[in-house]
Amino acid sequence: MVEITIDEFSKIDLRVCKVIEASRVEGTNKLLKLKVDLGNEVRTIVSGIGDQFNPEQLIGKNLIIVANLKPKIIRGIESKGMILCAVDEKERVYPLTTLIEAAPGLKVY
């Protein structure tokens, strides 16, 4: 594990988002295209969790994202963020979510 300072951590903008649309990226088994509500904007995020989740399972869910990650083009789609997930030793994926309903756009500390 690499240790970072609080100043380094404070550069990461973690936010609550609500998944409003989800679909498979054509030609892939693993990639999902998610439209997420961040309260003041809607973004597209491409996530590699499609081999473990159907798109319909994520619609309406609150997830935690890295909101200030530099955008990247994945399979021709601009992805503007990263869904945070825990992964166990069998490589099962557990998207991070909120215990209770939280408004899209809330900052995570």
Side-chain angles (χ1 to χ4, degrees):
M1 179 172 16
V2 176
E3 291 183 342
I4 63 172
T5 67
I6 193 69
D7 289 334
E8 290 169 316
F9 179 76
S10 69
K11 293 177 184 177
I12 302 169
D13 187 7
L14 302 175
R15 299 281 173 161
V16 174
C17 72
K18 182 176 285 288
V19 179
I20 55 177
E21 291 179 25
S23 60
R24 294 205 175 274
V25 173
E26 193 173 323
T28 71
N29 294 325
K30 195 171 182 178
L31 296 178
L32 295 180
K33 177 181 173 183
L34 308 174
K35 289 251 187 215
V36 299
D37 178 5
L38 275 168
N40 62 345
E41 69 175 297
V42 173
R43 290 189 184 184
T44 298
I45 296 177
V46 176
S47 181
I49 62 174
D51 58 340
Q52 296 184 41
F53 293 92
N54 289 318
E56 309 79 49
Q57 290 176 279
L58 299 173
I59 296 172
K61 301 291 188 219
N62 277 0
L63 300 177
I64 308 301
I65 68 164
V66 178
N68 64 335
L69 193 63
K70 185 177 179 179
K72 183 174 182 176
I73 304 295
I74 302 171
R75 294 283 181 127
I77 303 164
E78 184 179 36
S79 182
K80 295 179 77 176
M82 177 186 286
I83 304 292
L84 293 183
C85 298
V87 180
D88 68 14
E89 64 282 346
K90 294 181 181 177
E91 303 213 6
R92 288 181 297 219
V93 174
Y94 303 86
L96 300 185
T97 187
T98 58
L99 183 61
I100 58 174
E101 192 70 23
L106 288 180
K107 187 160 177 60
V108 177
Y109 292 96

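Only this structure's heavy atoms are used, side chains among them; waters, hydrogens and symmetry mates stay out.
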How many angstroms lie between atom [atom1] of [X] and atom [atom2] of [Y], to the nearest 0.5 angstrom?
X	Y	atom1	atom2	answer
Ile12	Asn68	CD1	CG	7.5 Å
Leu58	Ser23	CG	OG	11.0 Å
Asn40	Arg15	CG	CZ	8.0 Å
Leu34	Leu31	CG	CG	10.5 Å

*Which pairs count as salt bridge (Lys or Arg N to Asp or Glu O under 4.0 Å) when at least one residue sits in residues 41-69, sequence neighbours excluded?*
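Sorted result for residues 41-69: Glu41-Arg43.
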Minimum heavy-atom separation for [X] to [Y], with atom names?
X	Y	value
Ala22	Val19	CB-CG1, 4.3 Å
Ser79	Ile74	CB-CD1, 4.0 Å
Gln52	Gln57	O-OE1, 4.2 Å

Treating Ile, Leu, Val, Met, Phe, Trp and Tyr as nodes and any side-chain heavy-atom pair under 4.5 angstrom as an edge, say whether [X] and [Y] lie in one connected cluster.
X	Y	result
Leu14	Ile4	yes
Ile64	Ile83	no
Leu96	Val87	no
Val36	Ile49	yes
Val16	Leu69	yes

*Verify the neighbour count for atom CD of Glu91: are there more than 12 heavy atoms of other residues, nucleotides or ligands below 6.0 Å?*
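No, because the 6.0 Å sphere around CD of Glu91 holds 12 heavy atoms or fewer from other groups.
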Are [X] and [Y] close enough that some pair of their side-chain heavy atoms sits under 4.5 Å apart?
X	Y	answer
Thr44	Lys33	yes
Asn54	Arg24	yes
Leu38	Ile65	yes
Pro95	Phe53	yes
Val46	Arg75	no

*For Lys35, the option from Ile20, Ile59, Ile45 that meets side chain to side chain contact (heavy atoms under 4.5 Å, CB included)*: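 Exactly one option meets the side chain to side chain contact (heavy atoms under 4.5 Å, CB included) with Lys35, and it is Ile20.
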For residues 98-109, tabulate all N or O donor-acceptor pairs below 3.5 Å that involve a side-chain atom, not counting sequence neighbours.
unit_1	atom_1	unit_2	atom_2	d
Thr98	OG1	Asn62	ND2	3.4
Thr98	OG1	Ile100	O	2.7
Glu101	OE2	Lys18	NZ	2.7
Lys107	NZ	Asp13	OD1	3.2

